Student: 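Attaching a single structure in structure tokens format; questions to follow.
From a predicted model like this one, the values you see are computed outputs, not experimental measurements. Side chains are part of it too, since the values below use all heavy atoms of this structure and drop only hydrogens, waters and symmetry mates. The sequence lines fix the lettering, A, B, ..., with proteins before strands; numbering per chain opens at 1.
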Protein chains: 2
Amino acid sequence: MSRPSPYRAVKAHVLARIRSGEWPPGTLVPREEDLAETFGCARMTVHRALRELADEGVVERRRRAGTRVALPTTRTAPVEIPRVDREVEAMGASYRYLRLARATEPASPSAAARLGVPEGTEVLRVECLHHANDSPFQLEERWISLDVVPAAREESFADVAPNVWLLERLPWSDVEHVIGATNATRKVAGHLGIEPGEAVLEVERRTWLERRVITYVRFLHPGRFYRLRTAGRPG
Amino acid sequence: MSRPSPYRAVKAHVLARIRSGEWPPGTLVPREEDLAETFGCARMTVHRALRELADEGVVERRRRAGTRVALPTTRTAPVEIPRVDREVEAMGASYRYLRLARATEPASPSAAARLGVPEGTEVLRVECLHHANDSPFQLEERWISLDVVPAAREESFADVAPNVWLLERLPWSDVEHVIGATNATRKVAGHLGIEPGEAVLEVERRTWLERRVITYVRFLHPGRFYRLRTAGRPG
DNA sequence: GACGGTAATATGCCTAGGCTTATTTGGCAA
DNA sequence: TTGCCAAATAAGCCTAGGCATATTACCGTC
């Protein structure tokens with residue numbers, strides 16, 4: 001599995017029993033002390049192994065009740081939502097950024113709701129297009145809260161993507177993603193070089209710093225080519 | 001943040017510095033020993049705090065080089081890909097399962113490729129529909145490898161969803177998800193009760209036990225209502 | 001100046017002990 | 001019975017030490 005190391009050995013041992021079906025869901029895993037004895041190691045070592053398995057959702061632990069094998073419910077899968085430029089370059093394609101629009105404007109009801117600011121607050125709206133090998137790859141529509149990021153007022157975003165600009169400037173504490181599918185409007189289709197009505201993958205992201213929304217973005221990808229990919233293993 | 005406890009305190013401390021912008025990306029975090037001294041705790045305690053932060057991608061650690069604040073790249077976000085029945089019930093709706101088709105058949109080239117079996121191998125194909133409050137919610141098309149799950153040959157799947165049946169029967173070691181968007185074909189639209197051409201969210205899942213693919217599924221959701229949701233925080 | 005070996009250093013991991021705390025079980029009482 | 005409380009138990013967390021190992025920085029050599 002990985003290089004040997006007592007705690008890894010314990011993890012691997014327990015995982016192997018579960019994988020083999022020898023310990024079906026609900027089975028009580030031996031107590032930390034017992035495992036420590038059978039492996040000839042300290043209890044803390046076993047503790048770490050079991051704790052990690054619990055973090056990964058493979059087992060469930062409760063004081064006094066012990067450790068039991070969890071039901072293999074299809075748990076959270078780490079979806080990597082990548083930075084466009086990196087992703088494009090990782091595909092071996094050349095990346096190009098194009099700003100379509102930029103304006104400070106009073107927040108519309110929906111934008112205000114998503115940014116968590118009163119309606120009509122002045123916010124910055126940026127629209128841009130990301131290309132891979134000169135064909136449109138992602139259309140981005142973004143709102144930035146000027147209360148949280150006043151410096152954005154001075155930035156044109158003509159050459160640097162808001163994404164990159166923001167990440168370089170300030171940390172964040174929470175993100176939320178919402179993934180859906182919609183049909184391309186005429187405008188969207190025009191930008192992405194597809195037919196109106198074609199399915200597009202829509203990823204919305206809100207980013208917080210402590211309690212305040214920094215920015216809300218909507219990414220649209222031509223559904224025909226683009227896919228989000230995930231590979232997860234429990235352990 | 002959470003209930004106090006020395007290692008949590010250290011984590012919170014470091015995280016707070018990063019969040020506040022006091023330690024921008026690249027900053028060298030104090031050595032474990034020094035933090036241990038300033039917090040009046042053992043080095044192992046600091047070690048655990050920093051290790052967890054490293055696991056979460058907040059910092060990067062290298063022997064001899066020390067611990068530094070990582071670039072806040074929009075990392076992996078845990079997307080919960082839920083069990084339909086649970087999800088529907090969580091919305092307070094009533095869940096209904098309907099099997100549309102079931103057949104053992106020789107694997108088509110594409111099915112064979114995804115299951116990792118030779119073309120023409122006999123596989124089980126199941127098609128079903130999941131309802132929320134009697135309106136179609138998810139269309140499922142699934143292939144099951146009979147080599148890995150011979151017991152599936154005896155199961156009609158008339159009353160129990162393949163999902164549930166499989167999870168109750170065998171463990172898995174790896175999953176892969178691919179999320180995309182497509183336009184509903186006439187057939188899909190008919191089943192989901194939408195117009196042909198409407199955007200649908202497509203989630204494909206492959207599940208392995210050790211090296212062998214157990215099953216490959218394709219879930220289709222009406223794009224108009226359905227969304228995948230994610231909330232992540234680094235820490 | 002380029003190159004290579006060596007020592008210093010920070011993290012990685014371990015041990016063996018201890019106290020703390022949630023939870024369950026069993027027994028006692030109403 | 002039912003309800004409540006106490007004891008027992010298993011995990012949670014901590015300490016203070018130690019050895020292992022990756023990596024860098026430095027220094028001497030060519």
Student: Using a 4.0 Å heavy-atom cut-off to protein, can you give one letter per nucleotide of nucleotides 15-20 of chain C, 5' to 3': B if the base is in contact, S if only the sugar-phosphate is, - if neither?
Tutor: SBBB--
Student: Using atom CZ of B:Arg62 as one end and atom C1' of D:dT21 as the other, report the distance to the nearest whole Å.
Tutor: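 It is 14 Å, rounded to the nearest whole Å.
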Student: Atom CD of A:Glu60 and atom C1' of D:dA10: how far apart are they, to the nearest Å?
Tutor: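 So the two atoms are 16 Å apart, to the nearest Å.
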Student: When the nearest nucleotide of DNA chain D is assigned to A:Arg51 and to A:Ala65 on a heavy-atom basis, which residue is associated with the more 5' position?
Tutor: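 So the residue in question is A:Ala65.
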Student: May I ask you to evaluate whether B:His47 reaches the phosphate of C:dT11, defined as a side-chain N or O under 4.0 Å from OP1 or OP2?
Tutor: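 For C:dT11, neither OP1 nor OP2 has a side-chain N or O of B:His47 closer than 4.0 Å.
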Student: Under the rule for side chain to side chain donor-acceptor pair (under 3.5 Å), what residues qualify as partners of B:Glu33, not counting sequence neighbours?
Tutor: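 Side chain to side chain donor-acceptor pair (under 3.5 Å) check on B:Glu33 returns B:Arg31.
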Student: Between the protein and nucleotides 6-8 of chain C, list the N/O to N/O atom pairs that are separated by less than 3.5 angstrom.
Tutor:
{"unit_1": "C:dA8", "atom_1": "N3", "unit_2": "B:Arg64", "atom_2": "NH1", "d": "3.2"}

Student: Please identify each residue that fulfils side chain to side chain donor-acceptor pair (under 3.5 Å) with B:Glu37, with sequence neighbours left out.
Tutor: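 Not a single residue meets the side chain to side chain donor-acceptor pair (under 3.5 Å) criterion with B:Glu37.
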Student: Only counting residues at least two apart or in another chain, list the ones meeting side chain to side chain donor-acceptor pair (under 3.5 Å) with B:Thr45.
Tutor: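 For B:Thr45, no residue satisfies side chain to side chain donor-acceptor pair (under 3.5 Å) once neighbours in sequence are set aside.
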Student: Give every residue pair that meets the salt bridge (charged side-chain N to carboxylate O under 4.0 Å, His left out) criterion with at least one member in residues 147-170 of chain B, sequence neighbours excluded.
Tutor: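 Applying salt bridge (charged side-chain N to carboxylate O under 4.0 Å, His left out) to every pair that reaches into residues 147-170 of chain B, excluding sequence neighbours, yields B:Glu122-B:Arg153.
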Student: B:His130: what forms a side chain to side chain donor-acceptor pair (under 3.5 Å) with it, not counting sequence neighbours?
Tutor: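 Partners of B:His130 under the side chain to side chain donor-acceptor pair (under 3.5 Å) test: B:Tyr95, B:Glu140.
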Student: Looking at A:Arg48, I'd like to know whether one of its side-chain N or O atoms comes within less than 4.0 Å of OP1 or OP2 on C:dC13.
Tutor: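 Checking A:Arg48 against C:dC13: at least one side-chain N or O falls below 4.0 Å of OP1 or OP2.
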Student: Taking only side-chain N and O atoms of A:Thr67, does any of them lie within less than 4.0 angstrom of OP1 or OP2 on D:dA11?
Tutor: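 True: A:Thr67 side-chain N/O within range (under 4.0 Å) of D:dA11 OP1/OP2.
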Student: In this structure, how many angstroms lie between the P atom of C:dA10 and the CD atom of B:Glu37, rounded?
Tutor: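 Rounded to whole Å, this separation is 14 Å.
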Student: Is it true that the side chains of A:Thr215 and A:Arg142 contain a donor and an acceptor less than 3.5 Å apart?
Tutor: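 There is such a pair between these side chains.
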Student: Starting at CG of B:Asp34 and ending at C1' of C:dT9, how long is that distance when rounded to a whole Å?
Tutor: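 Answer to the nearest Å: 12 Å.
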Student: To the nearest Å, how far apart are A:Arg68 CZ and C:dT23 C1'?
Tutor: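 Rounding to the nearest Å, CZ of A:Arg68 and C1' of C:dT23 are 13 Å apart.
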Student: Check this one for me: any side-chain N or O of B:Ser5 less than 4.0 Å away from OP1 or OP2 of D:dG12?
Tutor: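 No, outside the criterion.
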Student: Within this structure, what is the CZ-to-P distance between B:Arg31 and C:dG12, rounded to whole angstrom?
Tutor: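 That distance rounds to 13 Å.
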Student: Partners of B:Ser110 by side-chain contact (heavy atoms from CB on, under 4.5 Å), sequence neighbours excluded?
Tutor: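 Listed in chain order: B:Ser108, B:Arg114.
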Student: From CZ of B:Arg61 over to P of D:dT24, roughly how many Å is that when rounded to an integer?
Tutor: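 Spelled out: CZ on B:Arg61 to P on D:dT24 is 15 Å.
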Student: Just list the side-chain donor-acceptor pairs under 3.5 Å for residues 131-138 of chain B, sequence neighbours left out, or say none.
Tutor:
{"unit_1": "B:Asn133", "atom_1": "OD1", "unit_2": "B:Ser94", "atom_2": "N", "d": "3.0"}
{"unit_1": "B:Asn133", "atom_1": "OD1", "unit_2": "B:Ser94", "atom_2": "OG", "d": "3.4"}
{"unit_1": "B:Asp134", "atom_1": "OD1", "unit_2": "B:Arg96", "atom_2": "NE", "d": "2.9"}
{"unit_1": "B:Ser135", "atom_1": "OG", "unit_2": "B:Ala132", "atom_2": "O", "d": "3.1"}
{"unit_1": "B:Gln138", "atom_1": "NE2", "unit_2": "B:His221", "atom_2": "NE2", "d": "3.1"}

Student: Taking all non-hydrogen atoms of both residues, which atom of A:Leu146 and which atom of A:Ala152 are closest, and how far apart?
Tutor: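 Shortest heavy-atom contact: CD2-CB, 4.2 Å.
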